[in-house]
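We're numbering straight along the sequence, starting at 1.
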Amino acid sequence: MSTNISNEIEYYINSSRIRSLRRRKRAQRDAFDKELLKLYREYKAIRNGIHSLGWEELKPPVQNGWMRCFVLRDDVRRTKQGIFYQQILDKINTTEYSWRKDFKKKRRLHGRKVYVIREQALRRPDEKEFFSKKFTDEERACFHEVLTHHAWSKTPVNVYIFTEAWRFVLKISPRMITKVRILDVDLKRRESELSNYIDRHNLWPHINKLLHGDSHRYHWHVEHTSPFKNKPFHSIVADHWPIVETISNPRIDPGVSFFQALLYPNTFTNFENYIHTMQGIYRIAKGWRIFIYIFAPLIIAAFLSSIFFIFTDEDISPLLSTLLAIVALVMTCLFAYGLIDTIQSKFIIGRDYITGINPLSTRTLKFDAILGYKIERNGIFIIPKNPTDKKIKTSTYIEKADQITAWLSSTFTDLNDQELTDHEKSILNDDTLGLSQQAREHRLAEARRTAKITNAVGFVLFFWMTFYPVFYTVVLIIGIAYPAIIIILLYLYRGLLRVDERRNNAYPSVATGFIMAGLSLSLRALFDYNILEYNQLWVTTGTFAIILIILILIATKLPTFRSAQDYFVIFTLVILAYSYSFGAYTVSNCLFDSSSPKYYKTNIVQKEISKGRSTTYYIIVTSWHDAEKIEKVTVNSDEYELTSIGDEIAIAEMKGLFGTPWYFPIVQQ
C-alpha cells in the first residue's frame with residue numbers, strides 16, 4: 001500500500017508544476033546573474049556619463065609637481081637635420097612626473113635610505129609598435145635591433161634602440177593643471193556604491209565569465225611558431241635556395257651549408273646572407289615565352305596577309321588602302337620585335353654587377369654605380385648614379401620576378417618610395433600650407449580624407465546614374481553639380497588637392513571622382529536624349545570646357561611644362577572638361593526644357609541592337625524633315641519590342657532650354 005502511495009505522490013509531483021530543488025537553485029543563480037549584469041550595465045553607463053561631462057577651466061592654474069621629457073639639444077636644432085630628429089623624438093619621447101624638482105627617489109643603500117636620481121630613457125618600441133609608427137627608411141637607419149625580454153614576461157622580444165641618444169637632453173618644467181573634470185556628486189556616489197559592492201564580493205571574475213565566457217579577460221601568452229613547421233624539406237630548399245641558370249655554380253659556398261645552418265644556429269647569419277644572393281641569368285617566364293612563340297608568328301602572318309588582301313580589293317580607295325597597309329606593316333614590325341626581344345632578352349645578376357641584354361643594346365652597371373631601382377607597369381628599371389649612363393630595363397614578366405624584386409629591395413634603394421617620401425616632405429615644408437609642421441600634417445591628412453570621400457562618392461554616383469538611375473531628376477542634378485563642388489574643394493585647399501594622378505606624387509587626387517561624375521553624365525546624355533542639331537552644342541560645350549579648364553588651373557597649381565607628363569595632364573584635363581561639359585549641357589538642355597513639342601509622323605525602316613558592355617536599342621526611321629534621309633533613334637527595350645519594321649510612329653521635337661533642338665519617339669502600345 002505504501003508503495004502505491006509513494007508512486008502516486010511521485011507521479012503527482014512529476015505531472016505538476018512544482019519545481020525540484022535543483023531547478024529552484026538554478027533559477028536563483030539565473031536571477032542573481034541577471035541582477036549582476038544589470039548592475040554592471042548601470043555601472044558602465046554611469047562611468048560613461050561621468051567621462052562625458054567634459055572639462056572646465058581651472059582659474060588660476062595650479063602647479064602639481066614637475067614633469068620631465070626629452071628635447072633636442074640647441075646645437076642639433078640649429079642644423080639642417082633638426083626637423084628630421086624632431087620627428088624621431090616625437091615618436092620615441094617619454095614623460096615622467098615627480099613631486100621633487102630634482103627627480104630624486106628614496107633607495108635603501110647599506111641599510112639606510114638615500115636619495116638617488118630617477119633614470120629616464122627613450123622609448124624602445126617592439127616590432128609591432130616600431131612598424132605601426134611608420135618610420136621612414138632614413139629614420140629606421142638610426143635604430144639598431146636588440147633581443148631582450150620584459151620584466152613581466154619570459155618571452156624574448158626584439159626592441160629597437162635609438163643609436164644617437166646624445167642628440168636629446170632632459171628638460172624639467174612645472175606640471176600645470178589648467179582644467180579639471182566636471183563632477184556630478186550623485187553619479188560619483190552611485191558609482192562608488194556599485195564599485196564597492198562588486199569589489200567587496202569579488203564579482204569581477206564572475207562578470208567577465210558571464211560577458212566573455214572566461215573569468216580572465218586578457219591573455220599575455222604569445223606563441224612563436226617556427227618558419228619551418230609543417231613544411232616539407234624540398235619546399236624549404238626551394239624557398240631559400242633557388243635553382244637558376246647561373247654563370248658560376250651557386251652551390252659552391254665558402255661559408256656555411258644548409259645542414260650546418262640547421263644544426264648550428266650560430267652560423268645561420270652567414271647562411272641567410274647567402275640565400276639572398278641571386279646570381280644567375282633570367283629570361284621571360286616560361287609560360288609567357290611559350291605563349292609568344294605560338295601566337296606572335298600567327299599574328300605576324302595575319303597582318304602580312306592583310307596587306308596582300310588590302311591591295312587586291314578593288315572596293316577600297318587607294319588612300320584608305322595605303323593607310324591600312326601602313327598600319328598593318330607597323331603592327332607587323334612591333335610583333336616581330338616583341339618575338340625577337342623574347343628570344344634574345346636576358347637579365348644577368350653577377351657577383352658585383354647587373355647586365356641587361358636586349359636586341360638593340362647590352363648595358364652593364366656595377367653595384368656601386370647603381371643609384372636604385374624602380375618598378376613600374378612597363379618594367380623594372382635599374383637607375384645609375386651617373387646621369388650620363390643609361391638605365392637597365394627588364395620586363396616584369398621575368399622568371400622569379402618576386403624573388404628578384406625582394407633581392408632588389410634588400411640590396412638597393414626603392415626610388416619610387418624615396419621620391420614619394422621626398423615629395424611628401426617638400427609638401428610638409430611648404431609654409432603656405434600652414435604655420436607649423438603639425439598644422440601642415442593635419443592639413444595634408446584632412447585633404448587625403450577629403451579626396452577619398454570625393455572619389456568614393458564619384459564611384460557611387462557613377463553606378464547610380466549609369467546602371468540604376470532611380471530618382472532620375474535628382475541624380476542628374478547631383479551629377480551636374482558634383483564637378484562644380486569638386487572645383488570648389490580644389491579652390492578651398494589652395495593647390496593641395498589635384499585633378500591629376502602622377503607617379504610618386506604625394507598630393508591627394510580627386511581625379512577619380514571628377515572622371516566618374518563627368519563620364520556617367522555623358523553616358524546618360526548619349527543614352528537618353530537624341531540631339532537634332534549639333535552645331536551650337538559643339539561651340540557651347542567647347543567654350544564651357546575652356547572656362548572649366550581655366551577654373552581648375554586657377555584652383556590648383558599650374559603645370560611647369562618641363563616634362564611630357566605635364567602636357568599629358570593638360571590633355572587629360574581637356575578630355576575631362578569636354579566630357580563633363582557635353583553631358584551637363586545636353587542633360588540641362590533636354591531635362592529642363594519646358595517648350596511645347598511639335599509632332600511629326602515617320603515610318604520604321606530597320607531595327608538594330610548594339611551589344612557590348614551595355615545593350616543599346618535603335619530604330620531606323622525616315623527623316624521627318626527630309627524623306628530621302630534616314631535617322632537612327634535610340635529607344636528602350638520595351639519600345640523596341642513593341643515596334644516592327646514598317647510601323648508608323650510619332651516623333652516629338654523640342655526646342656531645348658539653350659536653343660539646341662532635340663526629339664524623342666512616341667511608341668503607342
Sequence neighbours excluded - ring pair (Phe, Tyr, Trp, His ring centres under 6.0 Å) pairs with any residue from residues 164-203: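 Sorted result for residues 164-203: Phe162-Phe168, Tyr197-His201.
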Enumerate the ring pair (Phe, Tyr, Trp, His ring centres under 6.0 Å) contacts for residues 23-65, please, sequence neighbours excluded, ordered by first and then second residue.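 Listed once each, the pairs are Tyr43-Trp204.
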Please report the interatomic distance [atom1]([X]) to [atom2]([Y]), rounded to the nearest 0.5 Å.
X	Y	atom1	atom2	answer
Ile88	Arg140	CD1	CZ	12.0 Å
Leu183	Ile50	CG	CD1	8.5 Å
Arg29	Asp33	CZ	CG	8.5 Å
Ile207	Leu36	CD1	CG	4.0 Å
Ile46	Asp186	CD1	CG	10.0 Å
Thr178	Glu56	OG1	CD	11.5 Å

Hey, is [atom1] on [X] packed in by over 12 heavy atoms from elsewhere, all under 6.0 Å?
X	atom1	value
Leu21	CG	yes
Asn196	CG	yes
Arg100	CZ	yes

Within the structure provided, determine whether [X] and [Y] are in side-chain contact (heavy-atom separation under 4.5 Å).
X	Y	answer
Glu127	Glu145	yes
Lys106	Tyr115	yes
Val76	Gln86	no
Leu461	Ile478	yes
Glu139	Phe84	yes

Between [X] and [Y], what is the shortest heavy-atom contact and its length?
X	Y	result
Leu89	Leu72	CD2-N, 3.9 Å
Val146	His144	CG2-CD2, 3.4 Å
Gly458	Met516	O-CB, 3.2 Å

Yes or no on side chain to side chain contact (heavy atoms under 4.5 Å, CB included) for Trp99 and Asn64, after CA distance, side-chain angles and deciding distance? CA-CA 8 Å; Trp99 294 105; Asn64 186 15; 2.7 Å; yes
Tell me the salt bridge (charged side-chain N to carboxylate O under 4.0 Å, His left out) pairs involving [range], sequence neighbours left out?
range	result
residues 165-185	Glu164-Arg167
residues 41-55	Glu42-Arg190, Arg47-Glu191
residues 57-72	Arg68-Glu96

Under the side chain to side chain contact (heavy atoms under 4.5 Å, CB included) rule, what do Leu122 and Ile161 come out as? Steps first, then yes or no, please. CA-CA 8 Å; Leu122 294 167; Ile161 301 177; over 6 Å; no
For [X], enumerate each residue passing the side-chain hydrogen bond (donor to acceptor under 3.5 Å, both in side chains) test, keeping only those at least two apart in sequence or located in another chain.
X	result
Arg77	Asp74
Ser522	Ser579
Asp137	none
Thr94	Gln120

Taking ring pair (Phe, Tyr, Trp, His ring centres under 6.0 Å) as the definition, give me every residue that meets it alongside Phe592, ordered by chain and number, with sequence neighbours left out.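 Here no residue qualifies.
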Just jot down the ring pair (Phe, Tyr, Trp, His ring centres under 6.0 Å) partners of Phe135, sequence neighbours excluded, or say none.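 Phe135 satisfies ring pair (Phe, Tyr, Trp, His ring centres under 6.0 Å) with Phe130, Phe143 once adjacent residues are dropped.
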Any carboxylate oxygen within less than 4.0 angstrom of a Lys/Arg side-chain nitrogen, looking at Arg73 and Asp75?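 A salt bridge links Arg73 with Asp75.
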Show, in sequence, the C-alpha distance, side-chain angles and deciding distance for Phe103 and Leu170, and conclude whether the side chain to side chain contact (heavy atoms under 4.5 Å, CB included) test is met. CA-CA 11 Å; Phe103 275 78; Leu170 286 170; over 6 Å; no
Treating Tyr482 as the side-chain partner and Thr454 as the backbone partner, does any N or O pair qualify as donor plus acceptor under 3.5 Å?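 Answer holds: yes.
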Taking Ser192's backbone N and O only, do any of them form a donor-acceptor pair with Ser195's side chain (distance below 3.5 Å, no angle check)?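 Not confirmed, Ser195 side chain does not pair with Ser192 backbone.
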Just do the side chain to side chain contact (heavy atoms under 4.5 Å, CB included) check on Glu129 and Lys133 with the steps written out, would you? CA-CA 6 Å; Glu129 184 181 3; Lys133 288 183 177 295; 3.3 Å; yes
Return the set of residues passing side chain to side chain contact (heavy atoms under 4.5 Å, CB included) with Gln63 (not counting sequence neighbours), or none when no residue passes.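 Side chain to side chain contact (heavy atoms under 4.5 Å, CB included) check on Gln63 returns Trp66, Pro174, Met176.
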